[in-house]
Amino acid sequence: PDYHEINPVMLYGPKARDFGVECPRDKKKGSSYADALDTKHTGPASVMLSWTWQYSVRTVVTSLVRWCERSQLNPFGSYVWQCALCNNQF
């Protein structure tokens, strides 16, 4: 699926992980996907991902895995800023 398809299920709406989670910046209900993650899965981003909503999730994940491999980075300790996940979609 592309990001248009996963948005209503994963990033926005009543089924989203971040639905009802208090945003740490404005204190309103509904946060970014990244804010709703356990802190052990988050950290300061060292790179910003340029992408489009038409990309498939597979394309984005495969690209990030290959980038980590080529850059000799640990994918579990590399943090990427992607607007769909870091910006509040509510």
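Here the structure is a predicted model, which is why all the values come from computation and not from measurement.
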(request) Please identify each residue that fulfils side chain to side chain contact (heavy atoms under 4.5 Å, CB included) with Val80, with sequence neighbours left out. (result) Val47, Leu49, Leu64, Trp67
(request) Could you tell me which residues satisfy side chain to side chain contact (heavy atoms under 4.5 Å, CB included) with Ser63, sequence neighbours excluded, listed by chain and number? (result) Thr59
(message) Would a single hydrophobic cluster contain both Tyr55 and Tyr33, if residues Ile, Leu, Val, Met, Phe, Trp and Tyr are joined by side-chain heavy-atom contacts under 4.5 Å?
(response) yes
(message) Are Val60 and Met10 linked, directly or through intermediate hydrophobic residues, by side-chain heavy-atom contacts shorter than 4.5 Å (ILVMFWY only)?
(response) yes
(request) Could you list the residues that satisfy side chain to side chain contact (heavy atoms under 4.5 Å, CB included) with Glu22, not counting sequence neighbours? (result) Lys27
(message) Test question: given the 4.5 Å side-chain rule for I, L, V, M, F, W and Y, name all other residues clustered with Phe76, or answer none.
(response) none
(request) Scan for side chain to side chain donor-acceptor pair (under 3.5 Å) pairs involving residues 34-51, sequence neighbours excluded, and state none if there are none. (result) Arg25-Asp35, Ser32-Asp35
(message) For Pro8, give me all partners under side chain to side chain contact (heavy atoms under 4.5 Å, CB included), at least two apart in sequence or on another chain.
(response) none
(request) Please name all residues satisfying side-chain hydrogen bond (donor to acceptor under 3.5 Å, both in side chains) with Gln54, sequence neighbours left out, ordered by chain then number. (result) His4, Thr52
(request) Using the rule that two of Ile, Leu, Val, Met, Phe, Trp, Tyr join whenever any of their side-chain heavy atoms come within less than 4.5 Å, decide whether Tyr79 and Val57 are in one cluster. (result) no
(request) Only pairs at least two apart or in different chains count here, so list each salt bridge (charged side-chain N to carboxylate O under 4.0 Å, His left out) that has a residue in residues 53-81. (result) none
Under 3.5 Å, which donor-acceptor pairs do the side chains of residues 81-90 form with other protein atoms, sequence neighbours left out?
residue: Gln82; atom: NE2; partner: Tyr3; partner atom: OH; Å: 3.3
residue: Asn88; atom: OD1; partner: Phe90; partner atom: N; Å: 2.8
residue: Asn88; atom: ND2; partner: Gly30; partner atom: O; Å: 2.8
residue: Gln89; atom: NE2; partner: Ala84; partner atom: O; Å: 3.4
residue: Gln89; atom: NE2; partner: Asn87; partner atom: O; Å: 3.4

(message) Which heavy atom of Arg17 sits nearest to which heavy atom of Val21, and what is that distance?
(response) O-CG2, 3.7 Å
(message) Nearest 0.5 Å, please: how far is CG in Leu11 from CG in Asp18?
(response) 7.0 Å
(request) Please report the closest heavy-atom contact between Ser78 and Asn74, naming both atoms and the distance. (result) OG-O, 2.7 Å
(message) Check for me, please, whether Leu37 and Val61 land in the same ILVMFWY cluster - side-chain distances under 4.5 Å, paths through other members count.
(response) yes
